[in-house]
Amino acid sequence: MAPIDPHSFTDSTHPLTTHISLTFYFDFPSSTISSATLLSFSTPYTGPLTLDTRSLSVSSVLDPLSLSPLPFSLSPTDPILGQSLNISISKQTHQILILSKTSPSSSALQWLSPTQTFNKNHPFLYTHCQPIHARSIFPCQDTPVARFKYTAKLNIPRELSAVMAARHVERRDPIPSEAQGVCEDSVWCGDDRVVEEFVMEQPIPPYLFAFAIGELGFREVGPRTRVYAEAVPEVLDAAATEFAGTEEIVMVGERLFGPYEWERFDLLVLPPSFPLGGMENPRLVFLTPTVIKGDASGSQVVAHELAHGWTGNLITNKNNEHFWLNEGFTTYAERRIVEAVQGEDIASLNIGIGWMGLVKDMERFKDNMEFTKLKTSQAGVDPDDVYSVVPYEKGFQFLQRIERQIGRPAFDDFLKKYIGTFKFQSIDTDMFLNFLKANVPGIENEIDLKLWTEGTGIPPDAMEPVSNLYSKIVSLANELKLGRIPREDEVADWKGQEWELYLENLLKSVEASQVRALDALYHLSESKNYEVKVAFLQLAISARCRDYYGVVERTLKEVGRILYLRPLYTALVQGDRKEEDRAFARRVFSEACDSYHPIAQAVVEATLANNV
């Protein structure tokens, strides 16, 4: 076997999938999907074929023309990779058909009961496949190297609707004989069922496969943008207001990086359990409701996910060891968009918050410095366990360092050429560096490229942001050491990012009396901005200010975003915390975990296990 990805069973000697036709029957009572997966290869093939699966039951593998069975076996379960599906193809073919069924515990799926939704009338289902979870929905070569186009038929309850990161073809009645063996025709064509059909005409990596099903509504906010959410007028209206400026952001992105290749830039606001801030699924970005802050600052998350339309979706890391190629480039692109739309001061705040996060994660990985590199080694490592801001912020710093060296106009030209050269491809760090050296002759003599990509820690030529506003906020945070809380006139114009940067810069040794005084004056524990609230609550926990543990508990139970869960649970259990804090964390998790996405559950479980 010649693996091409430490997180996939895919063999480099086997053909890669180029197209997948999917037929899904959704059974909400059992929280399962019955699937027919038709894989197509670029050329006819005979021999062994290895696919990735996780928690899938595979009932048969067939030649789609003759429907004759093909021999197959599932390997023992690997705790990170799942199971390999090993198929023997004895007659040349360019297609195989696989019938399978998901498990209720599929790591890519979250099935929400009606009581977990806003309207509490109907269930809700959504996917999250990054980095290696598509294999828990259907068998595939679950590596970014295997880019594929697809069609999909989703058979769902008639009272629900579906959206997908693909072009919607039609909503129609089921047709007899199209079930492809996933269920009986009588079940497929039930009076209470409807089929939603989609097509993705551009090749994507498996982690960008995405759909959601529920009681959905939408608002039009631009010529190529709808905002979808649960059909609750106040949620839809708030989302439409927050993201009203989306078209301007898209146009700025196009001016900076070239044409937007995905046609639509729709947004889906998911229930609070969604584990991330946003997910850059092409044509349909998934968002946490916590980005709706009422002041349009949520557009920065939208800017990040939009930037992925060029860096990440269009050009993709070959595997997770080169994740910085997705996120470092996208963080750089996001900040260029923010600078153009909101100004240099706001972009500097964004960079400053990122810098604090980078410093914090350097401390997190001080005993495992491998994961402070851009180009990492991840064999035997669960990529969800080592997720951090390092690929985002160190990657951003690397690209900003190149920009400083050659100047912004030259770097802009380089970026456009890079995107044009590698679009719809999956690349690694060496391919990028070779392209950089070929197009910026002598750059390796000015910047230590190996230190930046393979070295640990923060390189000496990285740069903390400089701006008057940034310096003022950091200075005010330092004055708290002397017991001085900022005056109201000094913070009158502050929004969420200013407060977030201030709180992130405060010493963790802040006293309980100072925590209470800050909150009495500025009501930070009641902030509608979760970045501000969570940063404040971390201070409160650090100061052992138990007055706020009720707010901590409510926060941990009302949102499922890992960005908030990990630091709050970590603050409760790390270091010399008292046993009552650890017991509090365990109790809250036991009561809240069923509302978390499976990926978030695993992150919190690891946090508790590593610190208790």
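- Ring to ring, Phe398 and Trp324 are close: their centroids are under 6.0 angstrom apart.
- For the pair Pro144 and Asp5, the tightest heavy-atom approach, listed with the atom from each and the gap, is CD-OD2, 3.6 Å.
- Centroid-to-centroid, the aromatic rings of Phe274 and Tyr596 stay 6.0 Å apart or farther.
- Here the straight-line distance linking atom CD of Gln342 with atom CD of Gln497 works out to 7.5 Å at 0.5 Å rounding.
- Remark: the Asp384 side chain and the His133 side chain contain an N/O donor-acceptor pair separated by less than 3.5 Å.
- For the pair Leu56 and Arg135, the tightest heavy-atom approach, listed with the atom from each and the gap, is CD1-O, 3.3 Å.
- One distance of note links CZ of Phe536 with CG of Asn529; it measures 14.0 Å at 0.5 Å rounding.
- Checked against a 6.0 Å centroid threshold, the rings of Tyr126 and His597 count as neighbours.
- Aromatic ring orientation, Phe28 versus Trp111: perpendicular (interplanar angle above 60°, classes split at 30° and 60°).
- Of all heavy-atom pairs between Pro114 and Pro123, the closest is CG-N, 3.8 Å.
- A cation-pi arrangement, defined by a distance under 6.0 Å to the six-membered ring centre and an angle within 45 degrees of its axis, is present between Lys533 and Tyr530.
- For Asn478, the side-chain contact (heavy atoms from CB on, under 4.5 Å) partners are Val474, Lys481, not counting sequence neighbours.
- Remark: the Gln110 side chain and the Ser273 side chain contain an N/O donor-acceptor pair separated by less than 3.5 Å.
- When every heavy atom of Cys545 is checked against every heavy atom of Val515, the shortest pair comes out as SG-CG1, 4.4 Å.
- Tyr207 and Asn326 form a side-chain donor-acceptor contact under 3.5 Å, judged by distance and modelled atom types alone.
- Using a cutoff of 4.0 Å between basic side-chain nitrogens and carboxylate oxygens, Lys375 and Glu370 are not scored as salt-bridged.
- For Arg546, the salt bridge (charged side-chain N to carboxylate O under 4.0 Å, His left out) partners are Glu580, Asp581, not counting sequence neighbours.
- Take Lys360 and apply the salt bridge (charged side-chain N to carboxylate O under 4.0 Å, His left out) test, not counting sequence neighbours, and it matches Glu504.
- Counting heavy atoms from C-beta outward, Trp355 and Pro465 have side chains that approach closer than 4.5 Å.
- Rounding to the nearest 0.5 Å gives a distance of 13.5 Å between CD of Glu344 and CG of Asn350.
- In this structure, CG on Asn319 lies 9.5 Å from OG on Ser8, to the nearest 0.5 angstrom.
- Rounded to the nearest 0.5 Å, atoms CD (Glu280) and CZ (Phe286) are 11.5 Å apart.
- Distance NZ/Lys373 to OG1/Thr429: 12.0 Å, rounded to 0.5 Å.
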Full working for salt bridge (charged side-chain N to carboxylate O under 4.0 Å, His left out) between Lys472 and Glu490
CA-CA 10 Å; Lys472 175 188 173 184; Glu490 292 175 304; over 6 Å; no
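- Contacts of Ile562 classified as side-chain contact (heavy atoms from CB on, under 4.5 Å), with partners at least two apart in sequence or in another chain: Pro275, Arg566, Ile599, Ala600, Val603.
- Salt-bridge formation is detected for the pair Arg587/Glu591: a Lys NZ or Arg NE/NH1/NH2 atom is positioned less than 4.0 Å from an Asp or Glu carboxylate oxygen.
- For Asp493, the CG atom sits in a loose shell: 12 or fewer heavy atoms of surrounding residues, nucleotides or ligands are nearer than 6.0 Å.
- Under 3.5 Å, the side chains of Ser103 and Ser55 contain no donor-acceptor pair of N or O atoms.
- Of all the heavy atoms in Thr331 and His304, the pair that sits closest is OG1-CE1, 3.6 Å.
- Nearest heavy-atom pair across Trp494 and Ile473 is CZ2-CG1, 3.7 Å.
- Residues His308 and Glu327 bring a donor and an acceptor atom of their side chains to less than 3.5 Å of each other.
- Residues satisfying the side-chain contact (heavy atoms from CB on, under 4.5 Å) test with Ala583, not counting sequence neighbours, are Glu579, Arg586.
- For Asp519 and Arg516, the salt-bridge test fails: no basic side-chain N is under 4.0 Å from an acidic carboxylate O.
- Legend: residues meeting salt bridge (charged side-chain N to carboxylate O under 4.0 Å, His left out) with Asp27, ordered by chain and number and at least two apart, are absent.
- Under 4.0 Å is where a charged nitrogen must lie from a carboxylate oxygen, and between Lys495 and Glu498 no such pair does.
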